[in-house]
Amino acid sequence: MPDLLSGLNPEQLRAVTLPRESALILAGAGSGKTRVLTTRIAHLIQTGQASPAGILAVTFTNKAAREMLTRLSAMLPINTRGMWVGTFHGLCNRLLRAHHRDASLPQLFQILDSGDQLSLVKRLAKAQNLDEEKFAPRQLQAFINNCKEAGLRANAVEAGDDFTRRMVAFYADYDAQCNREGVVDFAELLLRTFELLSRNLNLLTHYQERFRYILVDEFQDTNKLQYKWIRLMAGTNGCVFAVGDDDQSIYRFRGADVGNMNEFLRDFGVRDVVKLEQNYRSQGSILDAANAVIAQNKARLGKNLWTAEGRGEPLRIFAAANDEEEARFVVDEVKQLHREGTALADMALLYRSNAQSRILEHALFRAGIAYKVYGGLRFFERQEIKHALAYLRVAANPDDDTAFSRVVNFPPRGIGARSVEQLQEAAASGLGSLARAAKAGAVAGRGGTAIAGFLAIAERLRKASESLTLPELVEEMLSASGLKDHYAAERDGQDRVENLNELVNAATLFNEEFEVGVEPAGESQEDVAPVPGTHQQQVLAAFLAHASLEAGEHEAAAGQDALQLMTVHSAKGLEFDAVFLGGLEEGLFPHDNSLNEDGGIEEERRLMYVAITRARKRLYLTYAGSRMLHGQPRYGIVSRFVEEIPAELCKWIVLPEKQAWASPQKSAWDKPAWGGRSGGGDSWSSGGGRAPRADANQYATAPRASFETSRPDEHPFAIGANVRHAKFGEGVVINFEGRGLDARVQVRFRTEGTKWLALQYAKLTPA
DNA sequence: TGTACTTAAGTTTTT
DNA sequence: CTTAAGTACA
């Protein structure tokens, strides 16, 4: 039997072999967190302290769950199939399916993803004639989710004013509607499970006795409800092994509460806090940079990463004139590294927001570099796929109004807004769902005939769902619904048709795995009461749940060596030899929207910390003087996070053709990069006539001090700088010309319009 | 009702 | 720049 414990450092060993009591593991980035977690599980099983069935392990992403299972089966000769390892949402789904009756849910309940939820909210708001100005659907959606994540039903929410009262009332209506339709949103999965267990003592005791060991990954990302959920599951006798890193808490926007770490220490009487501070991933300079940045945060539990490795290379910093140049630079460096032997898959391009990927993709495509984008438009979120899934959902559950209204007239079959309105009225006045209203003949005339046509399709699919295998059903749906024909006839519909075919493949794959029992959604043996619905219908329900919960972490084409593109958020937990972090501009990273929230900057800084610590050997930080946003150039200054990195860790990169004018006297930024703004043309960004660049390794480098004076952001009133004028108030610099005493800046004031001001006379102060 | 056109608005991050 | 929503017409 392999020795699980060999090779662990003393802290890791201590964590893995802790006695049966609750513990908190503060695991820094790259400190072997996943290894500790999986080894702990393996150790518990190997020493007979726990059986595989007695372990509950919770992660935040499906990827992390899979990773854990893979590593476990490599460590132990056990079948991991029956183990409860998954995301909060996945595990809750499993519990609710198994006990749907106790949870007052139909066995084939559907899961709404964020988009589905939003359209339901919109539909309801419209039906109630809510003023969209005052009650924006997104705001209502956020309100509902926040309430649920705090564990509050509508009747438990305290409303101090009329506005809130109205939202609470809407929340109640929303929940009622979900119940009528038999659908469940993400937050509901958790809340419903929590209520199920807290109301059903038998069930609770059953699971508490079963799961004697609970392990939680990324504990800093748990929200209030998830924490309550863990506490409930653990009971008084449970043993919770929580692993987390407060410095990597980056999901506050969706309710994550780092405070849970302190509550955990208190509530569980934790005596053992183990700090894992030795980093096995990054070389010295990278780690020093990360430490320096995160040290600026005040609210920390305190932890300092160190490495036994050498310093390695300095961080490379590149200031591009614009986003295109930034992309070109990145592509050239990637090429060079690739030539030198780094696999594409060992390199990553990270960015703050998904919108930044487009221009990178464009440059990569032109350069013929294989790349893979994670996140962004996910497979299961594409329009055509959502339509297809909606047909399947109608087949699984005719009362699913969201699905019904999505496809009742798609492809167009002559059912207009008026008819749908009539259906909604009929449904609201007692008939229940849209489908029931339709069957009852709520719409007469032409619309009624068309609706009958749709009902026929729905009924045909429902019948088919009883007997056909999943892929067969999908095929049948694609033709019966007319979706395939519709997109095939569309001008640019080829991609969509291909995606629909891809859906058949996905169904085939899912079906095979389900039959083998890999997919944990269909719980086995003791936990499942005999349920209605044929086997095929259960496969369908599992597939639909899968589509919602796993929005398509599409695996890269197998074996393909491809450059990795993703947001910093989705990079958490991953590591690469070389990392390019782009868009390091104020307003983008840290993002503007974070500035107003309290604690926002610290959260952004943690995000920066996560980004830096993804790199093993080489880290590039780039930013652009101007960037296209909403079709308009937007001028940026370097992110404060770059400034927080000690200069001696950095090497500034200057393109060869720029050396001539990158001197302290004459600024590279005096080039009319934004001159086109007032003139109307944009000759610069087209980049025509630019000489081919030398190889990446021939870049000249400038010591930071001398280069700094030539950066626009060193100018006190550089493009993009926020300024205050005694008379005109606050504004932003959008252009400037001249130098020294002659310098004039153009400022767009918040209230006074745009003005040219001579620096010598105008009383401008940085704001 | 459906299509074609114009206009407005939007993008932080995700289970 | 892209998408959603709004308007005019067949």
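Letters A, B, ... are given to chains in the order of the sequence lines, protein chains preceding strands, and every chain is numbered from 1.
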Can you measure [X] atom [atom1] to [N] atom [atom2] for me and round it to whole angstrom units?
X        : N      : atom1 : atom2 : value
A:Ile451 : B:dT1  : CD1   : C1'   : 13 Å
A:Trp229 : B:dT15 : CH2   : P     : 18 Å
A:Ile111 : B:dT15 : CD1   : C1'   : 11 Å
A:Ile250 : B:dT13 : CD1   : P     : 12 Å
A:Gln141 : B:dT14 : CD    : C1'   : 12 Å
A:His569 : B:dT13 : NE2   : P     : 9 Å
A:Asn146 : B:dT14 : CG    : P     : 17 Å

Looking only at side-chain N and O atoms, does [X] come under 4.0 Å of OP1 or OP2 in [N]?
X        : N      : result
A:Ser419 : B:dT1  : yes
A:Ser114 : B:dT15 : no
A:Asn145 : B:dT14 : no

Where each pair must be Watson-Crick or G-U wobble with both distances under 3.5 Å, what dot-bracket representation of DNA chain B is obtained, with crossing pairs in [ ] and other-strand partners as |? ||||||||||.....
Lys/Arg N to Asp/Glu carboxylate O, A:Arg358 vs A:Glu324, below 4.0 Å: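 No, this pair does not count.
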What is the first contacted nucleotide of DNA chain C and what is the last, in 5' to 3' order, if contact means an atom lying under 4.0 angstrom from a heavy atom of chain A?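 First and last nucleotides in contact are C:dC1 to C:dA5.
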In terms of side-chain heavy atoms of [X], which of [options] is nearest?
X        : options               : value
A:Ser570 : B:dT14, B:dT1, B:dT15 : B:dT14
A:Arg254 : B:dT11, B:dT1, B:dT14 : B:dT14
A:Asn354 : B:dT11, B:dT1, B:dT14 : B:dT14

Show me the pairs that pass salt bridge (charged side-chain N to carboxylate O under 4.0 Å, His left out) and involve residues 407-416 of chain A, at least two apart or across chains.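 Pairs touching residues 407-416 of chain A that pass the test: none.
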For A:Lys572, answer base if it contacts any base atom (sugar-phosphate contacts may also be present), sugar-phosphate if it contacts only those atoms, and nothing otherwise; contact means non-hydrogen atoms under 4.0 Å.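 The answer is nothing, as A:Lys572 stays clear of every strand by at least 4.0 Å.
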Over all strands shown, is A:Phe88 touching base, sugar-phosphate only, or nothing at heavy-atom distances under 4.0 angstrom?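 The residue A:Phe88 makes no contact with any strand.
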Can a donor-acceptor pair be found, under 3.5 Å and without considering hydrogens, that links the side chain of A:Thr622 to the backbone of A:Glu326?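 Checked: no pair found.
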Quick check on DNA chain B: between A:Phe60 and A:Asn593, whose nearest nucleotide comes earlier from the 5' end?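 The residue mapped nearer the 5' terminus is A:Asn593.
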Kindly compute the distance separating CZ (A:Phe211) from CG (A:Leu56), expressed to the nearest 0.5 Å.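 Interatomic distance, A:Phe211 CZ to A:Leu56 CG, rounded to 0.5 Å: 5.0 Å.
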Can you say whether the rings of [X] and [Y] are parallel (under 30°), tilted (30 to 60°) or perpendicular (over 60°)?
X        : Y        : value
A:Phe454 : A:Tyr391 : tilted
A:His546 : A:Phe510 : tilted
A:Tyr251 : A:His569 : tilted
A:His89  : A:Phe186 : perpendicular

Who are the ring-ring contact (aromatic ring centres under 6.0 Å, His included) partners of A:Phe194, not counting sequence neighbours?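 ring-ring contact (aromatic ring centres under 6.0 Å, His included) list for A:Phe194, sorted by chain: empty.
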With sequence neighbours left out, what residues match A:His591 under ring-ring contact (aromatic ring centres under 6.0 Å, His included)?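 For A:His591 there are no ring-ring contact (aromatic ring centres under 6.0 Å, His included) partners, ignoring immediate neighbours.
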Would you say the side-chain atoms of A:Gln110 and A:Asp116 include a donor-acceptor pair closer than 3.5 Å?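 Result is no, nothing qualifies.
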Between A:Arg66 and A:Asn62, does any side-chain donor sit less than 3.5 Å from a side-chain acceptor?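 Distance-only check fails for A:Arg66 and A:Asn62.
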What about A:Phe109 and A:His100, are their ring centers closer than 6.0 Å?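 Between A:Phe109 and A:His100, the centre distance exceeds or equals 6.0 Å.
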Please enumerate all protein N or O atoms sitting under 3.5 Å from an N or O of nucleotides 2-4 of chain B, with distances to 0.1 Å.
from: B:dG2; atom 1: OP1; to: A:Gly414; atom 2: N; distance (Å): 2.6
from: B:dG2; atom 1: OP1; to: A:Ile415; atom 2: N; distance (Å): 3.4
from: B:dG2; atom 1: OP2; to: A:Asn409; atom 2: ND2; distance (Å): 3.4

Using the six-membered base ring of B:dT13, report whether A:Phe253 stacks on it, requiring centroids under 5.5 Å and planes under 30° apart.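 Given the distance and angle limits, yes, they stack.
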Considering only the C1' atoms, how many Å lie between C:dG6 and B:dT11, rounded to the nearest integer?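 My reading of the C1' atoms in C:dG6 and B:dT11 gives 22 Å.
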